[in-house]
Amino acid sequence: MPDPTIRVRLAPSPTGPLHIGTARTGLFNFLFARHVGGTFIVRLEDTDVARSTVEHERDIIEGLHWLGITWDEGPDVAGGGDVGPFAPYRQMQRLESYKVAADRLLAADRAYPCFCTPDELDADRKAQEAARQAPRYVGRCANLTEDERRARVGEGRRAAIRFRVRPGVIGWNDMVRDRIEIDTANLGGDFVIVRGDGIPLYHFTVVVDDATMEISHVIRGEDHVGNTPKHILLFEALGHPVPAFGHLPLILNPDRTKMSKRKTQTAVADYRAQGFLREGLMNYLAYLGWSPGTEEDVLSIDEVIERFDIDKVHKGGAVFDRERLEWLNGQWIRRLPAEELIDRLRPFLQAAVDDGRIERLPADDEIRALLPVIQERLPTLAAVVDLVGFLWTDDLGLDPALVVPKRWDAATTRVALAAAREILAGHDAVTWEADELEPALRALVEARGWKAGDLFMAIRVATTGRTATPPLFDTLVALGRDRTLARIDAAAEALASVGGAIAR
RNA sequence: GCCCCCAUCGUCUAGAGGCCUAGGACGCCACCCUUUCAAGGUGGAGAUCAGGGGUUCGAAUCCCCUUGGGGGCACCA
């Protein structure tokens with residue numbers, strides 16, 4: 001039941017890497033479109049030539065793809081071809097259409113050339129600030145005669161194009177915040193739609209494109225509420241039906257200000273690099289400002305699409321809570337099929353090889369064998385290196401003091417390690433299994449009157465360098481007989497060399 | 001300064017007049033499980049529904065005011 005009348009879009013500006021907020025706006029547009037079978041479009045707003053780069057463009061597109069947000073029309077791959085009936089979907093390749101629209105507005109006197117210099121505008125603003133007035137364009141060029149315009153052009157002055165803001169109240173029924181009305185007197189006066197260098201500005205391009213691409217619903221962040229009346233004015237002037245608008249609540253820093261790079265990690269790529277799953281991040285983002293109204297927490301993207309309803313989107317902003325994201329991410333890691341998890345873990349292990357944290361990339365079989373004990377212990381994919389990296393490097397950075405369990409002293413530990421080593425050495429490749437090793441060592445503990453936990457801890461630290469690891473015997477099996485014995489020997493030696501200096 | 005918006009546990013939220021002695025989740029605490037760490041299970045602390053007025057037999061839910069918070073006011077997007 002596709003609905004061809006529903007057309008929404010995400011219009012990111014490649015002036016920075018894909019931002020969590022942009023991803024969330026994209027996700028909601030995507031959910032809105034997919035829920036009703038509408039069309040979702042991505043359009044790159046790259047008219048800020050000074051700050052736009054292809055690297056950012058690539059980061060945005062790859063990030064959206066990674067998140068599983070798919071679009072029907074728009075740029076396919078960074079630098080690659082665009083798909084869709086309104087291609088191209090990059091504004092710098094659509095300059096002609098803005099020129100045509102601007103000329104129409106000029107001809108109808110809905111817009112006019114403005115020769116004010118940056119210095120003049122700056123002075124105006126400063127004066128208004130000093131007089132404690134709201135900044136607005138004073139209208140210096142609003143009523144120039146043809147002769148005056150010619151004279152300025154003759155002086156070699158460049159003209160920007162300003163749109164005439166008509167008096168009146170602009171109102172719309174916002175999809176999330178109900179009725180909003182704004183008096184055009186508060187819009188800051190006539191605004192620039194084309195810069196002096198001929199490059200059109202956001203307010204103009206967004207409307208021209210939304211009009212030509214037949215966008216039916218504009219769903220964007222709350223920070224755009226004040227722009228909407230300007231856009232409605234432009235739609236009217238262009239003689240195009242005004243789309244519906246919906247303004248999403250903002251994602252907030254812990255101090256409840258608008259989420260920013262300075263206070264919160266905002267780049268989607270960073271979350272990805274830290275081992276967050278697309279499923280986890282998407283699930284988390286969907287619940288920021290929206291809820292299905294049930295007590296479900298863990299939902300796949302398809303389940304969210306099924307339940308999504310823009311009427312249930314909140315009006316108030318939501319603080320980004322990384323701890324909750326991590327919990328949700330863990331939920332998704334635990335749900336991943338074995339082979340899928342191995343595939344996703346591999347790049348993180350490779351990265352650890354590349355920067356020397358581990359010495360080699362483990363084979364899939366090794367990882368697969370470990371899955372039963374690590375899958376429930378991973379908050380993120382990247383955590384795998386911390387958790388079991390000791391298996392693939394001999395540089396444990398062992399602290400001898402840590403080898404001695406709390407209730408023991410160094411001498412006892414040395415004796416225990418030696419006894420345990422002898423038992424372990426008695427096993428061969430065939431009996432080097434968790435259910436063979438454990439009973440043997442428990443028998444030793446029994447015979448000596450020790451606590452199992454103490455012996456196990458001494459062996460754990462001796463062989464891994466850490467006090468927190470997956471279950472000991474599974475760990476020793478993964479380590480292998482030879483390396484286990486060698487590490488116990490090395491630890492015993494380290495203990496002996498510090499001797500009685502360890503006062504534990 | 002002006003305009004607009006928002007307001008339920010620390011956080012994300014359920015709640016559309018009686019089902020609310022306000023439910024769930026994260027986080028926190030305790031216990032269980034247990035060789036460590038997790039995961040899982042059970043239980044607990046945690047919100048006089050920002051405050052004050054109304055409306056109503058009855059309000060977290062409707063109205064008004066106050067307070068608090070946020071967003072926006074470019075030849076950026």
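Atom set for the values below is all heavy atoms of this structure, side chains included, hydrogens, waters and symmetry mates excluded.
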For G15(B), does OP1 or OP2 lie under 4.0 Å from any side-chain N or O of Lys312(A)? yes
Close side-chain approach of Tyr137(A) to Val165(A), heavy-atom, < 4.5 Å: no
Under-4.0 Å side-chain N/O to phosphate OP1/OP2 contact, Ser291(A) with A14(B): yes
Base C5(B) paired with Arg177(A) side chain (donor-acceptor, <3.5 Å): no
Is C26(B) paired to anything, Watson-Crick or G-U wobble with both distances less than 3.5 Å, and if yes, which nucleotide? G10(B)
Arg322(A) side-chain N/O to C26(B) phosphate OP1/OP2 under 4.0 Å: no
Closest of C4(B), U35(B), A38(B) to the Ile180(A) side chain is C4(B)
Knowing that exactly one of Thr22(A), Asn29(A), Thr228(A) qualifies, which makes a side-chain hydrogen bond (donor to acceptor under 3.5 Å, both in side chains) with Arg220(A)? Thr228(A)
Counting primed atoms, P, OP1 and OP2 as sugar-phosphate and everything else as base, the B/S/- map of nucleotides 60-75 of chain B against protein heavy atoms under 4.0 Å is ----------SSSBSB
Regarding the side chain of Arg132(A), the nearest nucleotide among C4(B), U36(B), G1(B) is G1(B)
Is there a side-chain contact between Thr15(A) and the phosphate of C76(B), meaning an N or O under 4.0 Å from OP1 or OP2? no
Look only at the side chain of Arg162(A) and the backbone of Asp190(A), and say whether a donor-acceptor pair between them is shorter than 3.5 Å. yes
Is there a donor and acceptor pair closer than 3.5 Å between the side chain of Arg442(A) and the base of U35(B)? no
Considering every strand shown, what is the Watson-Crick or G-U wobble mate of G1(B) when both distances are under 3.5 Å? C73(B)
Answer for the Watson-Crick or wobble partner of A60(B), both distances under 3.5 Å, is none
Is it true that the side chains of Tyr89(A) and Asp209(A) contain a donor and an acceptor less than 3.5 Å apart? no
